[in-house]
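Scroll down for the structure; my scribbles are underneath it.
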Amino acid sequence: MRTSSSSIRAAELAERAEAAYLGLALGDALGATVEFMTPREIRAQYGVHNEIRGGGWLRLKPGAVTDDTTMSLALGEAILADGGRVEPLSCARAFDAWMRAKPVDIGNTVRRNLVAFRRSGEPVAPPSEHDAGNGAAMRVLPVALATLGQGDDVVRTAVRAQAHVTHNNPDSDAATEFLALAVQDAIGGENLRGVYRRRIRPIVDDKPAFAYRGRRRENPSGWIVETMQAVLQALLDTDSFEDCLVDVVNRGGDADTTGAIAGMLAGALYGRDALPARWLKALDPKMREACAAQARKLVALTSA
Ligand code: MN
Ligand code: MN
């Protein structure tokens, strides 16, 4: 039996990676119930929404996830098939196949640019100041896991390779690169203070709009700026996985996606044991297993 520090470390990394991926799926499943509701409507219907119960505008079964999780899984499969490389054409083909399988939901920017890819065969969307939705950020986790320990420049390049298939926009890029790097730091053992110092403070210095320094950001739209405001507030105002996710989804708006993004960050930060057992039990078992298995395969690419 190997008991070297590197093998112990690899086991810890794999467990944190799994927690991030399960966190993404849990946030998606929790938030989908209240997507497009206002905080007031959520309070009237649920008090505090803190159980995975399905429903919502998509009429989901309890434990079902949406595009945030299934696009991530499609992207991760493409990365694994390419031996860990993030190739725009492979990503575009994987997203196109995902769209053909009729997902329960799909963002407008994703749909428009995948339809354009079908026509042109060109996997990189043209730069657009309007394509600042959160669709590239919500699915970035497999890139973060596949590029662990490869350095910021490699990570940023890989992040943009997947992002620009549908979202070629500087605000989307900044947020999506930040998420990948922050998740990597947390998987590597940084706590919230460390992630704040290394990643959150620099991103809000660069993009002050990402920090909503006023009242609480409620009803965040699919615009990446509002998504970041809600996620960063929820992350910084809480100190546990469950509190962070309950905080962010009860803001309503694009709650499955804020839940998914907060979930990947908080899962990486707080670890596998912090994920509520009742939520894991409620999550669609096929998705739970797919996320855990893919997380471990992706980190094995770099720790092997
Ligand atoms: Mn969704
Ligand atoms: Mn959404």
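When reading the values below, keep in mind they use all heavy atoms of this one structure, side chains included, and skip hydrogens, waters and symmetry mates.
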Cationic N near anionic O, under 4.0 Å, Arg251 to Asp247: yes

Output yes when Asp67 and Arg111 qualify as a salt bridge under the 4.0 Å nitrogen-oxygen rule, no when they do not. no

Looking at Arg216 and Asp237, is any side-chain nitrogen of the basic one under 4.0 Å from a carboxylate oxygen of the acidic one? no

Arg156, CZ atom: more than 12 neighbouring heavy atoms under 6.0 Å: yes

Considering all heavy atoms, the nearest Ala260-Asp68 contact: CB-CB, 3.9 Å

Nearest heavy-atom neighbours spanning Gly84 and Leu301: CA-CD1, 3.6 Å

Glu15/Arg272 ion pair, N-O < 4.0 Å: no

Take Asp256 and Thr69 through the side-chain contact (heavy atoms from CB on, under 4.5 Å) test and state the conclusion after the steps. CA-CA 10 Å; Asp256 61 326; Thr69 305; over 6 Å; no

Can a donor-acceptor pair be found between the side chains of Thr227 and Asn134 at a distance below 3.5 Å? yes

Determine, for Glu242 against Arg278, whether the closest basic-nitrogen to carboxylate-oxygen distance falls under 4.0 angstrom. yes

Run Asp131 and Asn113 through side-chain hydrogen bond (donor to acceptor under 3.5 Å, both in side chains) and show every step you take. CA-CA 10 Å; Asp131 290 353; Asn113 283 316; 3.2 Å; yes

Write down the atom of Ala146, the atom of Gln150, and the distance for their closest heavy-atom approach. O-NE2, 3.5 Å

